[in-house]
Amino acid sequence: REWKEIRKFEEILFEEYNGIAKITINRPRYRNAFTPKTTLELSQAFAQCRELQRIRVVLLTGAMSEVPEGKTLGDVKHAFCSGGDMHVKGRGGYIDDEGVPRLSVLDVQMQIRRLPKPVIAMVNGYAIGGGHVLHLVCDLTIASENAIFGQTGPKVGSFDAGFGSSYLARIVGQKKAREIWFMCRQYSAKEAEEMGMVNKVVPIEQLEDECVSWAETMMERSPIALRMIKAGLNAELDGQAGIQQLAGDCTMLYYFLDEAQEGGKAFLEKRKPNFDQYPQIP
Ligand code: 1HA
């Protein structure tokens with residue numbers, strides 16, 4: 001499969017293939033830990049995924065570690081993302097090149113959640129800490145058999161009491177969510193699947209094919225139907241901000257109706273609108 005570069009970045013890869021965008025965190029030396037630059041680049045890539053009409057589904061993954069000659073992919077440890085880069089964790093956040101502390105992965109989480117297109121986490125190895133939260137906020141997670149899941153915050157001086165906790169609890173239940181955070185254990189792909197955090201587990205060699213196949217199936221479905229379902233599932237959990245998104249999509253659809261056009265036309269023509277001419281469906 002030929003992935004074509006959409007835009008060049010330093011710490012991520014941003015590519016496309018037949019309507020599917022693939023965003024790859026590209027710091028395998030550090031188990032794909034993210035710096036403020038990584039998260040800024042992720043934000044820019046997700047913003048572009050929203051704008052590009054030809055992109056219908058997004059895959060988020062981590063770059064594979066190098067495989068020595070004579071070894072196979074499965075012989076080597078890989079990472080999806082190991083969370084914030086501990087080398088730049090400072091007071092107030094992860095320190096960027098200008099010395100400003102940031103927690104900007106939170107913006108990426110919101111973007112994934114708000115993107116009106118499905119996002120699949122293609123988990124190819126460790127999904128740990130802030131990297132675990134990134135897979136959680138994706139719409140679907142497909143993992144390779146070697147994938148390992150877990151939170152580390154209380155062990156390393158951090159926590160994500162936002163989506164990383166409350167949305168986790170919605171997925172795995174309160175008891176398990178508390179166990180995951182309080183104990184900081186690691187869980188296998190199979191355990192994560194049993195907890196409901198993972199949609200499917202496949203051998204690592206088949207991971208990308210499986211994700212592309214799911215993406216291709218979703219691309220045969222109605223994009224607006226998928227968009228509205230995502231907005232509705234979010235709205236139940238996201239309070240007024242979630243309703244705002246769903247309501248915005250309703251407004252978009254309303255603007256396609258003659259009834260909505262009549263209101264604007266009447267205003268410009270300085271006359272009373274005639275809404276009686278449109279069907280009042282019971
Ligand atoms: O909690 C938050 C946030 C909360 C609210 C708002 C924003 C947040 C933003 C971020 C986060 C967090 O992500 S906190 C949690 C940070 N992450 C971690 O605690 C995970 C740290 N890493 C590990 O536990 C392990 O490395 C591992 C389980 C992922 C893999 O273990 P393994 O296979 O034994 O590899 P290891 O030798 O540990 O790692 C390979 C290299 O990658 C090491 O470098 P080297 O010793 O060769 O120089 C290791 O230091 C580096 N590395 C791994 N993870 C990180 C990392 N370097 C920097 N930061 C990392 N997160």
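Counting convention: from 1, in listed order, for ligands and their atoms alike.
Per-residue contacts place K77 under 4.0 angstrom from the following atoms of ligand 1 (heavy atoms of the residue considered): 32 (P), 33 (O), 34 (O). Interface atoms of ligand 1 facing D85, defined by a heavy-atom separation under 4.0 Å, are 58 (C), 59 (N). Near T152, meaning under 4.0 Å from one of its heavy atoms, ligand 1 places the atoms 15 (C), 17 (N), 18 (C), 19 (O). Of all atoms in ligand 1, numbered sequentially from 1 with element shown, those under 4.0 Å from a heavy atom of H87 are 57 (N), 58 (C). Less than 4.0 angstrom separates some heavy atom of G130 from each of these atoms of ligand 1: 12 (C), 13 (O). Annotation for ligand 1: atoms under 4.0 Å from non-hydrogen atoms of G83 are 13 (O). Residue-ligand proximity, V156 to ligand 1, at heavy-atom distances under 4.0 Å covers atoms 15 (C), 19 (O).
When heavy-atom distances to ligand 1 are checked against a 4.0 Å cut-off, I148 has no atom that comes that close, whether in backbone or side chain.
The two residues H132 and H135 make their nearest non-hydrogen contact at O-CD2, 2.9 Å. Nearest heavy atoms, T141 versus F149: CG2-CE2, 4.5 Å. Of all heavy-atom pairs spanning L115 and K230, the tightest one is O-NZ, 2.9 Å.
Assignment of R29 to the shell around ligand 1 is supported, since a heavy atom sits closer than 4.0 Å.
From the protein, the heavy atom lying nearest to atom 23 (C) of ligand 1 is I128 CG2, 4.9 Å. Nearest protein heavy-atom contact of atom 28 (C) of ligand 1 is Q186 NE2, 3.5 Å. When hydrogens are left out, the protein atom nearest atom 36 (P) of ligand 1 is R31 NE, 4.3 Å; that is the closest non-hydrogen contact. Looking at atom 54 (N) of ligand 1, its nearest protein heavy atom turns out to be S82 OG, 3.1 Å. Remark: minimum distance from atom 30 (C) of ligand 1 to any protein heavy atom is reached at Y126 CE1, 3.5 Å. With hydrogens left out, the protein atom closest to atom 4 (C) of ligand 1 is F159 O, 3.1 Å, a heavy atom. Summary of contacts: the protein heavy atom closest to atom 3 (C) of ligand 1 is S158 OG, 3.7 Å. Counting only heavy atoms of the protein, atom 52 (N) of ligand 1 lies nearest to Y30 O, 3.7 Å.
Protein non-hydrogen atoms do reach within 4.0 Å of atom 13 (O) of ligand 1. The nearest protein heavy atom to atom 50 (O) of ligand 1 is not closer than 4.0 Å. Inside a 4.0 Å radius of atom 38 (O) of ligand 1 there is not any protein heavy atom. Remark: atom 60 (C) of ligand 1 lies closer than 4.0 Å to at least one protein heavy atom.
Looking only at atom types and distance, the side chain of D160 has a donor-acceptor partner in the side chain of Q109 under 3.5 Å away. Side-chain atoms of S104 and D107 form no donor-acceptor pair, as typed in the model, at a separation below 3.5 Å. No side-chain N or O of T24 forms a donor-acceptor pair with one of N26 less than 3.5 Å apart. Between the side chains of E179 and Y187, a donor-acceptor pair is found at a separation under 3.5 Å.
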For this session: Determine, step by step, whether V212 and Y17 satisfy the side-chain contact (heavy atoms from CB on, under 4.5 Å) criterion, reporting the C-alpha distance in whole Å, the side-chain angles of both residues, the deciding distance to 0.1 Å, and the verdict.
Result: CA-CA 9 Å; V212 166; Y17 164 79; 4.3 Å; yes
Exercise. Passes salt bridge (charged side-chain N to carboxylate O under 4.0 Å, His left out), E16 versus K22? Steps please.
Worked result: CA-CA 6 Å; E16 67 178 308; K22 183 167 73 167; over 6 Å; no
Exercise. Taking it one step at a time, do Q244 and D238 satisfy side-chain contact (heavy atoms from CB on, under 4.5 Å)?
Worked result: CA-CA 9 Å; Q244 187 245 20; D238 290 359; over 6 Å; no
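Using a 4.0 Å cut-off between a side-chain N of Lys or Arg and a carboxylate O of Asp or Glu, E41 and R7 do not qualify as a salt bridge. With respect to the salt-bridge test (charged N to carboxylate O, under 4.0 angstrom), the residues K190 and E145 do not qualify. For R1 and D209, the salt-bridge test passes: some basic side-chain N is under 4.0 Å from an acidic carboxylate O.
Of the candidates V133, L106, V105, it is V105 that places a heavy atom closest to atom 8 (C) of ligand 1.
E15 places no side-chain N or O within 3.5 Å of a backbone atom of A21 that could act as its donor or acceptor partner.
By the 3.5 Å distance cut-off applied to N or O atoms, L103 is not counted among the residues near ligand 1. By the 3.5 Å distance cut-off applied to N or O atoms, G84 is counted among the residues near ligand 1.
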